[in-house]
2 protein chains.
Amino acid sequence: MRDVAERAGVSPKTVSNVLTGSAQVREPTRLRVEQAMRELDFVPNLSARGLRNGRSGVIGLAQPDLRAAFSASMTHAVVEAAHARGLVVQVEETAAEPAREHDLVTRARTHLIDGMILNPVRLQDSVVEHLDHLPPIVLIGEVEQHRTDRVFINSRSAAREAVQHLIARGARRIVALGGAEHGAGLDKATQGQRLRGYLAGLAEAQLPARPELQVEVPEWTIAGGAAGMREVLERGVEFDAVLAFTDSIALGAMHELRSWGGRLPEDVLVCGFDDVEHASFAGTPLTTIAFDHQAYANAALDLLTSRMRDRGLPPRAQEIPYELLARASTQGPPAGFSGKNSPI
Amino acid sequence: MRDVAERAGVSPKTVSNVLTGSAQVREPTRLRVEQAMRELDFVPNLSARGLRNGRSGVIGLAQPDLRAAFSASMTHAVVEAAHARGLVVQVEETAAEPAREHDLVTRARTHLIDGMILNPVRLQDSVVEHLDHLPPIVLIGEVEQHRTDRVFINSRSAAREAVQHLIARGARRIVALGGAEHGAGLDKATQGQRLRGYLAGLAEAQLPARPELQVEVPEWTIAGGAAGMREVLERGVEFDAVLAFTDSIALGAMHELRSWGGRLPEDVLVCGFDDVEHASFAGTPLTTIAFDHQAYANAALDLLTSRMRDRGLPPRAQEIPYELLARASTQGPPAGFSGKNSPI
DNA sequence: CCCAGTCTTTACATCGATGTAAAAGACAGC
DNA sequence: GCTGTCTTTTACATCGATGTAAAGACTGGG
């Protein structure tokens, strides 16, 4: 910057003033400075600026697995929303490990970021304890605590609605693909809410909650969904619908079902979550819980930037509306299916 | 840091020495310092460190559209590879706009990054001119210039091989879904190579290159692929195979074909590129050009980090091997199809 | 033509970590 | 006990941008 100043015949501070617009600079001076900046191909050093005024213009985005379609869609939306606000995004992966999640949050300050958006699998309380020492955090997805800002869809109610929908279309034995009561299912963030909604839906219809119809899926990917479905089929359990906790899981399940000879939706109904691009283009277009991913990201960034301006704000929670999109995959009534009578 | 030093009864430099390990520190002193750091919950400020030693530990990753399955997979792989090397990743989207690509590269220095991995759609020469003033760049994908480091698969040869495969399975009229000679097709990076390979494959088999079988697809997403396929079908052109330039395009095309009543692979064969997770789980599992995404990312990071250490290295290009994975979608021979005789 | 009041520009200190060079301390050997 | 070597610690300057406060350049009114 000194070089620019020298070339333009002014002091470094004047160059800085031109850049930040914080003080008035006379037209001819400004032009001279701009000319010099162009000639020297000058770019301000953000490390220095960050050091000086304590903000880097970078926010962090942490998700379990970037390959999952929903994460990819959310990353896109967050990058767009951040771009519109003059911020850039650093991505992190927690690989669904609570330890990495914990690590990431507590070490957030080291990472040059002004704030962070986290899609938690499970956020330990100990992390939230440290909140005062950490940069602003917005959680996306459901977590049972009210001390940070959050953006969420009402997963519990959505899952209940999905179950009602499946039951209305004739399903009676619905597989929950993504979480189980007997495991750590209810403990985990989004997973817990969807499982609760599933159970509530069954209870309302006075259908029993069968443990053999509840399957944990450690990785919420297509392969993970297929593996979960295979587990059910190999046990020979009979069922007539699947509530998958994400669209990726649903797509994997549908593939596995077809490869066992199941017909969709004639034998089994399937419903997913998130409405990723893929869902509507699947072999059997997938019924799913849809919501506006961009609105979700915008809300998260609004909460984050407002808190970056004022750390003293009370914790806020913003709910994004969802909608059940009925597609071909739940055109019932289903005949029912089990691994036993399959051709493979 | 001063506070830590004071609490441990040493000078700030000693604390720094403990952190960096650059100088010897006696055991008891080090323990005292570490104790003090823990007590004060101290985390070093990376902005300051970055300012001091000119490196931030952040690399940039720029791709056209993060929603595309291949981009998501690559982002995952790059984040993992970077993590293993103690780096973090900042993501950018170029939205397939050459202007944004140009902007990003020339302004790269402002973004606190030590280097950058770019999946270019079209990289203008003017950018490469500025290379000396820019941080290290590794291009992923094919670009017709040899002044930067690059990682690539031989797309031209892969496309030719795919065409040979389709012809061997009985195809004669192959749609190129992703690029066209008559447009700007040959100018663009990866797209150009795949188009050239397609044309080479046809020429070898002495089949004519028909302009009506070549379709540009501006967005390499599922929806983009479906739109491109629809265009062909609406024109009533007859064809018996589709070479889609990415798996996402292929999946969109397959969906569109099915909705016009086309049977896969009985009427039309389909081949994609990239082997994303989805390809093998599609209704009709997709034949595709597969390669190891993680190896690809590792190679890119190796090139990048070595250049970060020594800017003077000559430009290097590393080719990653690919393999044509034949799945159900190219079980020929195909009967042929056109929009005219469709039920819709 | 001078002066108060306003608009521009300048000098300097600062953010936090770390390289350099020199001072202080530890230790062995005579 | 003293010197010389080696290790550990210190003081200071520096990376680049910017806030503060003060100096300098201008305007218009008298």
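When reading the values below, keep in mind they use all heavy atoms of this one structure, side chains included, and skip hydrogens, waters and symmetry mates. Order of the sequence lines sets the chain letters (A, B, ...), proteins ahead of strands, with each chain counted from 1.
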*Asks:* Under 4.0 Å between a side-chain N/O of R49(A) and OP1 or OP2 of dT18(D), yes or no?
*Replies:*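 Checking dT18(D) against R49(A), a side-chain N or O does come within under 4.0 Å of OP1 or OP2.
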*Asks:* Measuring from Q35(B):CD to R7(B):CZ, what's the distance to the nearest 0.5 Å?
*Replies:*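 The CD atom of Q35(B) sits 8.0 Å away from the CZ atom of R7(B).
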*Asks:* Taking all non-hydrogen atoms of both residues, which atom of S16(B) and which atom of M1(B) are closest, and how far apart?
*Replies:*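 Where S16(B) meets M1(B) most closely, the heavy atoms are CB-CE, 3.7 Å.
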*Asks:* Would you classify T20(B) as touching base, sugar-phosphate or nothing, given that sugar-phosphate means primed atoms plus P, OP1 and OP2, and contacts are heavy atoms under 4.0 Å?
*Replies:*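 Sugar-phosphate, backbone atoms only, no base.
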*Asks:* Between R2(B) and dG16(C), is there a side-chain N or O to OP1/OP2 distance below 4.0 Å?
*Replies:*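 R2(B) to dG16(C) OP1/OP2: no side-chain N or O under 4.0 Å.
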*Asks:* Just to be sure I understand the rule, does V15(A) reach a base, reach only the sugar-phosphate, or reach nothing, if contact means heavy atoms closer than 4.0 Å?
*Replies:*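 Nothing: the residue V15(A), judged by heavy atoms under 4.0 Å, touches no strand.
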*Asks:* CG of N17(B) versus C1' of dT7(D): gap in Å, rounded?
*Replies:*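 My rounded result for the distance is 12 Å.
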*Asks:* Contact class for V25(A) vs. all strands (heavy atom < 4.0 Å): base, sugar-phosphate, or nothing?
*Replies:*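 The answer is sugar-phosphate, as V25(A) gets under 4.0 Å only of primed atoms, P, OP1 or OP2.
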*Asks:* Contact class for T29(B) (heavy atom, under 4.0 Å): base, sugar-phosphate, or nothing?
*Replies:*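 Since only primed, P, OP1 and OP2 atoms lie under 4.0 Å of T29(B), the category is sugar-phosphate.
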*Asks:* Looking at T14(A), I'd like to know whether one of its side-chain N or O atoms comes within less than 4.0 Å of OP1 or OP2 on dT10(C).
*Replies:*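 True: T14(A) side-chain N/O within range (under 4.0 Å) of dT10(C) OP1/OP2.
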*Asks:* Inspect the contact between R30(A) and E34(A) and indicate whether a charged nitrogen and a carboxylate oxygen are less than 4.0 angstrom apart.
*Replies:*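 Yes, E34(A) and R30(A) are salt-bridged.
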*Asks:* Once you apply a heavy-atom cut-off of 4.0 Å, does R26(B) come out as touching a base, just sugar-phosphate, or nothing?
*Replies:*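 If one applies the 4.0 Å heavy-atom cut-off, R26(B) turns out to touch the sugar-phosphate alone, with no base involved.
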*Asks:* Take atom CG of L46(A) and atom C1' of dC15(C), then tell me their distance rounded to the nearest Å.
*Replies:*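 Checked: the CG to C1' distance equals 15 Å.
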